Novice: 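First, the structure itself, so that you have it in front of you.
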Amino acid sequence: MISTAIRLARVGSRSELAAAALMLLGYPLIMLAALVPNIWFFAAATAVTYVADWYLHQRGSYLINRLGKVRAGLSIRFLLRQLMVILLLARLDLASEPLFYTAVACFLLFYSLQAPHGAMTTLVRMRRTMPVVTRNVDLNAVRIPDAPPRALLHRSAEKMLHLDIPAVVGILIAAETGVDAIGYAGAALTLLLALGFTAALVPYLRRGRLVPPAPAVLKAVDSWLREYQPTVVLYFSGSNESAYQGNMWLDTMAKTDGRPLIIMRERGLVPQLAETSVPVLCVPAGTHLMNLDLSSVRVCLYPANVGKNIHMLRVPTMKHVFIGHGDSDKLASVNPYSKVYDEVWTAGRAGRDRYALADVGIRDEDIVEVGRPQLAPIKTWTGTAKNPIPTVLYAPTWEGWDDNPGNTSLLLAGENIVRRLLNAEKPVRVIYKPHPFTGIRSAKAKAVHARIQNLLTKAAAERAAEPRWAEQAAAAAAGQNAAKAELTRIEAALAELGKSGRSGGDDAEESRVSLADPARQDRAEALRAEWNDAYWRSFGWWEHKTVTGSQPKLYDCFNESDAMVSDISSVVSDFIASGKPYAVTDSAELGAEEFKRQNTAVRAAVILSNSAEEIGELLDAVADSAADPLANARHELKSYLLGPDEPTSLEQFNAAVHALAAKAEARNAGVRQRIGEQSVASPDLEDESSGAGDGQEQIVADAVAAADADAEIGTGPSAVR
């Protein structure tokens, strides 16, 4: 019942549901208190709505967005509350008293200040918005002043509206006590605070406090590009939830030969980008991107098939490569869209065969096997459980954009899998790490996800109450407390390292100050390794755990576990690098043989039905590696899916970059030669004696030079692919 209410109210937790109910019920109660009239009842209901509204805003509740859509937005809710104050005064027979007129005048003046305040905040934000957001790019060529304090712009409308509290409190006290001066003081304080909050923005409207105009910033970026001369670009676009698709390539880009550059398209993704030493350019506008000087770039890498790729694909002077964000048997791994790229890079032979079987128009000669450089952190299985009881990772993929039952095990099998693991004959620990997209499309998937979390929470509590585990907990308490203290220390150190500028700096200011510091980045990397170690020590090796968010990473969960249950996704292909036993759920109920025939990555897996009754086979393989019937199959499949161990994946990746860059150079040289031949073949000039010939020759020379320049930067007629 509660989960249904949460889903219908579009809130994310029980606390949000409670706050939403209190806020929505509070307004009728305020009106009732005003009509009765009862000042104390009115004050209590008013306080509840203030607190509930604030809490929902702090949590970023989707309900707040929905209320705005039905004309019950933040300003309307505050206005309604103030109107109820006026109604209360009228019902208290104070309509002819100075306090009543003071309240009316105060609220009218207060609302008259909302427009200039809103206009000024909008103007400051707009005039401090640069056409690009950068990281590790030197923009000293343009002067970027400090941003306004965060307190002035962050949730500014909400803060402004809450300044009515002194007036509301003062008027209610005055109505109860008869001391009108308290009401006058409250009203005066509200107006003074509103005026001060608005006036504080005025200095930031001066020309000297605003960022330079877009042409000046873009010119500085072009100057930096000509100096840096990037050769390899990772081009990334997507929703906020898709940040992981770009993050997984950051370490590889940092180790790529040449001069790497990351180009992004969405401002909201920049804060979610993991720390990197590679220069980053976020260029939201397609016109700005197409006018950047990228003439030195020879290879562009695409981790996702998205519409905005077209803005880069149009450039002919570089070669375009689809590298994807994981190697799996999903349909996304054989997307016909991939025909637009010059090459498609796969991890191993399996990716090549997958395209051949799909027959979607990808030529075999355009496929290059480069391994999976990201898999280096994954540790190889020793053949025995890491802890006294084995740990099984359940990492289902998300529900996908359609209702195909084969997309995820979560809907039909998820709870069965978790229950069977929790009720296994020999105890195991369960780590549940869902896909970041889980529940964004399917309310049913979101509900199942919540139920699995509840199952694990309940099982963890029951295990903690058992004498055996209580003894373990008592023995490990000191170490766990020390690890938790260490986590706090490390997180504080990471937060300090992460401060790129003053607290509250906006995108423009962060673009100015966020230059790569190798020493700081090395320190941050060491701290993150320490954090990961402390995280797993902060709770018992017997404790069930739900892991969400970016930390710990998926590969850290691989290293902590002894086996995994997952779905058809790149998670399975990556886990195979560990050599550990794994199971995959046949959610579409194809049957084991057909399931293996259609999906390469499951050929060395324990195949689970939706009942998950086969889970014992997985646990047996973990308990006794000598009796593991799929060990050899996993070894062979690893080579087929992920490529050979030698040369290393990074060496294969860099070799592919060099080879494709050479092709781009050859293509560009050929274009320049053909343009040059066309200019030589230009018609003879008829009248050389008149002196017009010299001018015509200059026109031809200028045209050739312009065409040559167009070929270099990918514009003009020669840019057509």
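Note that the structure is a prediction, hence the values are computed from the model and not measured.
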Novice: Testing V221, L218, N291, V132 one by one against V283 for a side chain to side chain contact (heavy atoms under 4.5 Å, CB included), which residue passes?
Specialist: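 Output: one option passes, namely V132.
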
Novice: Between Y111 and L79, is there a donor-acceptor pair closer than 3.5 Å when you use the side chain of the first and the backbone of the second?
Specialist: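 Looks like yes, one N/O pair under 3.5 Å.
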
Novice: Where the side chain of D507 meets the backbone of M130, is there a donor-acceptor pair that is under 3.5 Å apart?
Specialist: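 Side chain of D507 to backbone of M130: no pair is present.
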
Novice: Over all heavy atoms of both residues, which pair between A103 and L89 is shortest? Give the atoms and the distance, please.
Specialist: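 Reported closest heavy-atom pair: CB-CD1, 3.8 Å.
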
Novice: Any pair with a residue in residues 262-282 that passes salt bridge (Lys or Arg N to Asp or Glu O under 4.0 Å), sequence neighbours left out, goes on the list, sorted by first then second residue, please.
Specialist: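 Every salt bridge (Lys or Arg N to Asp or Glu O under 4.0 Å) pair that includes a residue of residues 262-282, provided the two are not neighbours, is E266-K308, E275-R520, E275-R528.
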
Novice: Of all the heavy-atom pairs spanning T134 and S511, show the shortest one and how long it is.
Specialist: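 Taking T134 first and S511 second, the nearest heavy atoms are N-OG, 2.9 Å.
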
Novice: Which atom names give the shortest non-hydrogen contact between L99 and A174, and what distance separates them?
Specialist: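 Closest pair (atom of L99, atom of A174, distance): CD2-CB, 3.8 Å.
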
Novice: Give a yes or no on this: more than 12 heavy atoms of other residues, nucleotides or ligands lie within 6.0 Å of atom CD of Q58.
Specialist: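 Buried by this count: over 12 neighbours within 6.0 Å.
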
Novice: When you measure from the side chain of R523 to the backbone of L494, do you find a donor-acceptor pair of N or O atoms at a distance under 3.5 Å?
Specialist: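 Checked: no pair found.
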
Novice: Using 30° and 60° as the class limits, which term best fits the ring planes of F78 and H162: parallel, tilted or perpendicular?
Specialist: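 If you compare the ring of F78 with that of H162, the planes turn out perpendicular.
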
Novice: Evaluate side chain to side chain contact (heavy atoms under 4.5 Å, CB included) for T548 paired with Y432, printing each intermediate quantity in order.
Specialist: CA-CA 8 Å; T548 56; Y432 170 51; over 6 Å; no

Novice: Take the angle between the ring planes of F437 and H435 and call it parallel below 30°, perpendicular above 60°, tilted in between.
Specialist: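 Judged by the thresholds at 30° and 60°, the geometry between F437 and H435 is perpendicular.
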
Novice: What residues form a side chain to side chain donor-acceptor pair (under 3.5 Å) with S156, not counting sequence neighbours?
Specialist: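 Checked S156 against side chain to side chain donor-acceptor pair (under 3.5 Å); matches are R125.
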
Novice: Minimum heavy-atom separation for L88 and A33, please, with both atom names.
Specialist: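 Distance-wise, the nearest heavy atoms are CD1-O, 4.0 Å.
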
Novice: Name all residues meeting the ring-ring contact (aromatic ring centres under 6.0 Å, His included) criterion together with F236; count only those two or more places apart in sequence or in a different chain, and write none if there are none.
Specialist: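 F236 satisfies ring-ring contact (aromatic ring centres under 6.0 Å, His included) with no residue once adjacent residues are dropped.
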
Novice: So, for L195 and L113, which heavy atoms are closest and what is the spacing to 0.1 Å?
Specialist: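 Result for this residue pair: CD2-CD2, 3.7 Å.
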
Novice: Give a yes or no answer on whether the side chain of K159 reaches the backbone of H154 with a donor-acceptor pair at less than 3.5 Å.
Specialist: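 Side chain of K159 to backbone of H154: a pair is present.
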
Novice: Among I30, L32, T46, find the one that has a side chain to side chain contact (heavy atoms under 4.5 Å, CB included) with F41.
Specialist: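 It is L32, the one option of I30, L32, T46 that forms the side chain to side chain contact (heavy atoms under 4.5 Å, CB included) with F41.
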
